[in-house]
Amino acid sequence: MGSCSCAPALPGQHSVTVGRSSSLIIRFLRTVLCALFLLPALAGAQDWNYRVRPGDTLWDLGAAYLKPSVGWQQLQQHNRIDNPYRLPPGELLRFPIGWLRVEPAPARVLAVRGQVELSAADGSSNRAVRAGEELHIGDAIQTKADSSITLEFADASRLQLREYSRLRLDQLSRYGRTGMVDTRLRLQQGRASNRVTPARGPASRYIIDAPTATSSVRGTVFRVSAGDDAQAGATEVLEGKVQVGNPHGQRLVHPGQASRSAGSGTAPEAVSGLLPAPHLRADSTRLGALPAQLAWEPVTGADHYRVEVVQAATPEILLFAATTTDTGLAIGELPPGALRLLLRAVDAQGVEGLDASEDFLLGDQPPPPLTISPVQGQTVNSDRPRFHWSQAPGASSSVLQVADEPQFLQPLREQSTGSTDLRLGEPLPPGQYYWRIASRDGQGHQGRYGQALALQLSDEPVDPALQPPEAIDGELTLRWQAGSDGQRYRVQVDRRGDFSAPLLDTTVDEPQVSFKRPWRGTLHIRVQYIDDDGHAGPFSPAQQVKLPCRLCYGAGGGVLLLWLLL
């Protein structure tokens, strides 16, 4: 390697006489140039250390850790080993970083909640991400509403990507079996929580690039937000330290602190303390059964609050998440198991504070009942539909929810009953809805909800499909389409069609009625279906029967009725 002379000229050497200030500038520039010249040598000289174990040989170690282009003889020379056949156990061997084998290290998908889409680096069409699959360099993932994904990297570091977020995997590699990994991620939108394994060597990296700043760590727990037009990006540190920077400046963020980054054209702001963890109210918090109830004291400076439930053993796997401006929340559905509640205050700039954390065990509550009706996608001609389900083992009552979206973020109706059928207490306008059922045991503990079923409500009355009437022995008989089991029928027959003074107004158990045959004219007929609980649907549109005049005088012969539909 060439040399760099950074010393001033010696007496007798040719020199140029300059002023004192110019001389200082020249010395400074020469020092900087010298340092820049030496940087590649310094980086190349960085070593990873390996402690020799009994039975190790240079051949085996070279094959396990070195690039194919680097021979074990170079390792012998670098460590000044006289006898390559004897490696004393406990001795340190130095492996230059540049000589180490570098391999791809795909990320593994630990868990997926909701809708998460993958844009693969190979250009294949976008698709849903599946738990257990591997992601590679260049892949990008995007989460939708009420969704999250948890990734695990080669060194067991984990990242949780939250709702409305987009992340690109820029670098996923490892240095053979050294335990050192190079993980570089680009958070393009949204938020990510990170738990990073402590670095296992000088080449280990875990870097998240956001639009306004880069966060670099070597073992810590922290959160990063990309920011948007309304809010600055932020790095919030819970454990360890994080270096946050961009071309305009650097900040070292300690535990309990955050650094905001307003834009790529400005340096990260000075660090500030995170909002304190909220204090849960013991008198109003109940976590061991569903619905889980929690309440907390307000936090000064909080704009709203973030509530999460995660797996206690793997807190990076998100099971439930919600934001609220209130100081209380009810959680109606959670899986059984050892769970952990996380609650934090969020300021007006979107910076999230320290977590209030509480572990709890949620037993396997009564299972959801089996739904009977309405079936998936059924259209119901009623503004107050009726629901039927089975009795689940161990259940003493049930809870029905109806919403206009399948996630049930804001249910429109919620009713409880001790039976296995229920009619909505309040009407709903026509439209697309979803319904689901949960069970409760005798102590009021509620289990998880069953699968949500789509339901279409219509204000169109039921078409009775009236059949042509029959006239026999002076009586006129009307028949129509039968309804559900237990339904009764109200039928009205009118001369004028306004049904203000019907010729016939009766309720029958069977889908037919007989009455004395009128002599002539036009009859208007309509039918109403009545459920066994007394709920009556709307009358069907009126249909007409015209009685020909020859019926008025004919004696004997067959009777012919003309059946016309409006």
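The structure displayed is predicted, hence computed values, not measured ones. We're numbering straight along the sequence, starting at 1.
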Check ion pair Arg195-Glu152 (N to O, under 4.0 angstrom): no

Would you please test Leu341 and Leu280 for side-chain contact (heavy atoms from CB on, under 4.5 Å) and show each step? CA-CA 11 Å; Leu341 170 72; Leu280 284 167; 3.9 Å; yes

Heavy atoms only: give me the nearest [X]-[Y] pair and the separation to one decimal.
| X | Y | result |
| --- | --- | --- |
| Pro335 | Leu319 | CG-CD1, 4.0 Å |
| Ala330 | Gln293 | CB-OE1, 3.6 Å |
| Leu161 | Arg191 | CD1-O, 3.5 Å |
| Ala356 | Ala277 | N-CB, 3.6 Å |

Under the side-chain hydrogen bond (donor to acceptor under 3.5 Å, both in side chains) test against Thr235, which residue among Ser259, Ser215, Ser261 passes? Ser215

Within the structure provided, determine whether [X] and [Y] are in side-chain contact (heavy-atom separation under 4.5 Å).
| X | Y | result |
| --- | --- | --- |
| Phe320 | Ile331 | yes |
| Arg260 | Arg251 | no |
| Tyr305 | Leu343 | yes |
| Arg440 | Pro366 | no |
| Pro202 | Ile97 | yes |
| Leu75 | Tyr65 | no |
| Leu92 | Asn79 | no |
| Thr314 | Thr150 | no |

The single option from Arg162, Arg113, Arg223, Arg340 passing salt bridge (charged side-chain N to carboxylate O under 4.0 Å, His left out) against Glu308: Arg162

Going through the distances and angles, do Leu159 and Ile208 end up as a side-chain contact (heavy atoms from CB on, under 4.5 Å)? CA-CA 11 Å; Leu159 176 143; Ile208 295 186; 4.2 Å; yes

Kindly determine whether His248 and Thr266 satisfy side-chain contact (heavy atoms from CB on, under 4.5 Å), including the steps that lead there. CA-CA 6 Å; His248 303 279; Thr266 60; 5.8 Å; no

More than 12 heavy atoms of other residues, nucleotides or ligands under 6.0 Å from [atom1] of [X]: yes or no?
| X | atom1 | result |
| --- | --- | --- |
| Gln376 | CD | yes |
| Tyr164 | OH | no |
| Gln451 | CD | no |
| Arg53 | CZ | no |
| Leu370 | CG | no |
| Arg448 | CZ | no |
| Glu426 | CD | no |

Ring-face cation contact, Phe408 with Arg436, 6.0 Å cut, 45° max: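 So Arg436 does make the cation-pi contact.
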
Should Asn194 and Tyr206 be marked as a side chain to side chain donor-acceptor pair (under 3.5 Å) after you check the CA-CA gap, both sets of side-chain angles, and the distance that decides it? CA-CA 10 Å; Asn194 308 267; Tyr206 188 98; 2.7 Å; yes

As a quick check of understanding, evaluate salt bridge (charged side-chain N to carboxylate O under 4.0 Å, His left out) for Arg344 and Glu352, giving each step before the final call. CA-CA 7 Å; Arg344 66 187 75 108; Glu352 300 186 355; 2.9 Å; yes

Any side-chain to backbone donor/acceptor pair from Arg108 onto Phe153? Under 3.5 Å, distance only. no

Output, in order, the C-alpha distance, side-chain angles, deciding distance and verdict of side-chain contact (heavy atoms from CB on, under 4.5 Å) for Ile149 and Val129. CA-CA 9 Å; Ile149 183 173; Val129 182; 3.7 Å; yes

Qualifying residue for ring-ring contact (aromatic ring centres under 6.0 Å, His included) with Phe95, from Trp72, Trp48, Tyr175: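 Of all the options given, the one that passes is Trp48.
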
List the steps, then state whether side chain to side chain donor-acceptor pair (under 3.5 Å) holds for Gln189 with Arg166. CA-CA 5 Å; Gln189 175 186 318; Arg166 187 168 62 250; 3.0 Å; yes

Assess the residue pair Phe387 and Trp435 against the criterion (ring pair (Phe, Tyr, Trp, His ring centres under 6.0 Å)); give the C-alpha distance rounded to whole Å, side-chain angles, the decisive distance to 0.1 Å, and a yes or no. CA-CA 9 Å; Phe387 302 90; Trp435 70 284; 4.8 Å; yes

